[in-house]
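Every chain is numbered from 1 and lettered A, B, ... according to where its sequence line falls, protein lines coming before strand lines.
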Number of protein chains: 2
Amino acid sequence: MIDHEVQFKKFLQKQGLKLTRNRARILEAAFSVHEHFDAEKLYDLIKADNVSLATVYRTLPLLLEAGLITRTVRIGGRDRFEHILGHPRHAHWLCENCHAVIETDLSALLPAINKEARALKFDIQNISINISGLCWKCKGGANDSQ
Amino acid sequence: MIDHEVQFKKFLQKQGLKLTRNRARILEAAFSVHEHFDAEKLYDLIKADNVSLATVYRTLPLLLEAGLITRTVRIGGRDRFEHILGHPRHAHWLCENCHAVIETDLSALLPAINKEARALKFDIQNISINISGLCWKCKGGANDSQ
DNA sequence: TTTCATTTGAGAATCATTTGCAACAAAGAC
DNA sequence: GTCTTTGTTGCAAATGATTCTCAAATGAAA
């Protein structure tokens with residue numbers, strides 16, 4: 001059983017829940033995508049296995065609580081997520097014009113964030129940094145003003 | 001006319017739009033709340049003036065584009081905003097347990113963010129930093145595990 | 001006060017997400 | 001094995017925030 005599957009199973013057991021075939025399938029799908037995904041995307045990946053969209057929606061919060069995925073940007077009215085293991089935390093730069101998403105490492109920001117956390121006695125579970133604006137391609141063109 | 005009203009009017013004119021009584025009312029409401037608010041909240045504040053919820057929803061994106069408000073945390077499936085003028089940018093620390101929202105200044109992080117932006121040639125319009133976890137009150141109690 | 005474009009309220013329509021429910025498993029207890 | 005209990009799932013229906021439609025209202029300008 002893969003690393004994150006073990007982690008998920010442990011988490012589930014602690015809540016008296018089970019690691020079912022469906023849940024394992026969803027977890028696997030989430031880790032097979034190395035970019036953002038939304039519920040629909042996962043569903044597309046596994047619907048062949050007769051997993052319903054409702055189950056995907058039911059599983060997402062579990063993965064979230066288990067600390068295996070994280071909620072990131074919201075695009076087109078849809079929540080988007082990404083897996084965490086082997087996917088170091090990063091900031092998202094979202095272009096308002098072309099909707100490109102650029103990712104950058106958080107390491108430059110982490111020291112300052114952790115310092116703040118200590119001061120607040122806050123236990124960090126998830127960090128989400130989204131910066132919107134115009135990417136280099138769009139800052140001159142498409143949008144003539146601003 | 002207040003500062004941010006001037007700003008809004010300018011913005012609207014640039015798009016061939018008008019600063020109507022309703023829009024001014026919504027802007028005013030947005031600036032009267034010194035915390036996060038959602039569409040419904042603004043609506044409650046001004047429905048006595050016969051402004052419809054639809055108009056609130058229609059105006060929010062304008063305020064956003066005009067750089068007068070910013071989208072922050074999403075709670076209970078609702079988009080939340082806050083005004084910007086006189087309300088320096090800050091990070092949000094969201095407690096998963098008691099849902100408290102703590103705000104901290106961004107100044108410690110801005111230099112690093114701006115540096116990154118320069119490297120990416122990215123034009124920042126909006127920065128949203130949300131850190132979730134457990135606040136000091138909840139990290140020991142309520143939730144026995146974790 | 002005519003004209004023409006923009007706004008608006010009201011309610012219907014959308015669409016992601018949640019839920020209710022009945023049928024299904026899984027894991028023990030016997 | 002066979003009960004029993006408890007969690008799981010697919011399906012369809014419900015929910016609820018947000019968006020859209022459209023006809024009436026308003027505003028600016030001539």
**Q** I need the OH-P distance between A:Tyr43 and C:dC15, as an integer number of Å.
**A**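 So the two atoms are 17 Å apart, to the nearest Å.
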**Q** Tell me the interatomic distance from B:Leu60, atom CG, to C:dT8, atom P, rounded to whole angstroms.
**A**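 From B:Leu60 CG to C:dT8 P: 13 Å.
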**Q** Nucleotide by nucleotide, 5' to 3', does protein get under 4.0 Å of the base (B), only the sugar-phosphate (S), or neither (-) in nucleotides 14-30 of chain D, counting heavy atoms?
**A** ---SBBBB---------
**Q** Tell me: CZ of B:Arg25 to P of C:dT8, nearest whole Å?
**A**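 So the two atoms are 14 Å apart, to the nearest Å.
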**Q** Write down the distance between NZ (A:Lys47) and P (D:dT9), rounded to a whole number of angstrom.
**A**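 It works out to 19 Å between those atoms.
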**Q** Considering only residues two or more places apart or on different chains, which pairs with a residue in residues 45-77 of chain B satisfy ring-ring contact (aromatic ring centres under 6.0 Å, His included)?
**A**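 Residue pairs with at least one partner in residues 45-77 of chain B: there are none.
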**Q** Once ring-ring contact (aromatic ring centres under 6.0 Å, His included) is applied, what residue pairs with a partner in residues 112-132 of chain A remain, sequence neighbours excluded?
**A**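 Matches after skipping sequence neighbours: A:Phe122-B:Trp93.
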**Q** Quick one: list whatever passes side-chain contact (heavy atoms from CB on, under 4.5 Å) with B:Arg80, sequence neighbours left out.
**A**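 Partners of B:Arg80 under the side-chain contact (heavy atoms from CB on, under 4.5 Å) test: B:His36, B:Asp38, B:Thr72, B:Ile75.
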**Q** Tell me the interatomic distance from B:Leu12, atom CG, to C:dA5, atom C1', rounded to whole angstroms.
**A**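 That distance rounds to 15 Å.
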**Q** Does A:Thr55 place a side-chain N or O at less than 4.0 Å from the phosphate oxygens OP1/OP2 of D:dG10?
**A**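 Checking D:dG10 against A:Thr55, a side-chain N or O does come within under 4.0 Å of OP1 or OP2.
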**Q** Going by the rule ring pair (Phe, Tyr, Trp, His ring centres under 6.0 Å), which residues pair with B:Phe8 if we only count those two or more places apart in sequence or in a different chain?
**A**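 Ring pair (Phe, Tyr, Trp, His ring centres under 6.0 Å) list for B:Phe8, sorted by chain: empty.
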**Q** Please determine whether a side-chain nitrogen or oxygen atom of B:Asn22 lies at a distance below 4.0 Å from atom OP1 or OP2 of C:dG9.
**A**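 For C:dG9, OP1 or OP2 has a side-chain N or O of B:Asn22 closer than 4.0 Å.
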**Q** Please report the distance, rounded to the nearest Å, between CD1 in A:Ile26 and C1' in D:dG10.
**A**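 From A:Ile26 CD1 to D:dG10 C1': 12 Å.
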**Q** Send over the distance from B:Leu62 CG to C:dT8 C1', rounded to a whole Å.
**A**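 About 13 Å, once rounded to whole Å.
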**Q** Please, which pairs that meet salt bridge (Lys or Arg N to Asp or Glu O under 4.0 Å) have at least one residue in residues 55-64 of chain A, sequence neighbours excluded?
**A**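 Listed by first then second residue: nothing to list.
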**Q** Roughly how far, to the nearest 0.5 Å, is NE2 of B:His92 from CD of B:Glu82?
**A**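 NE2 of B:His92 is found 4.0 Å from CD of B:Glu82.
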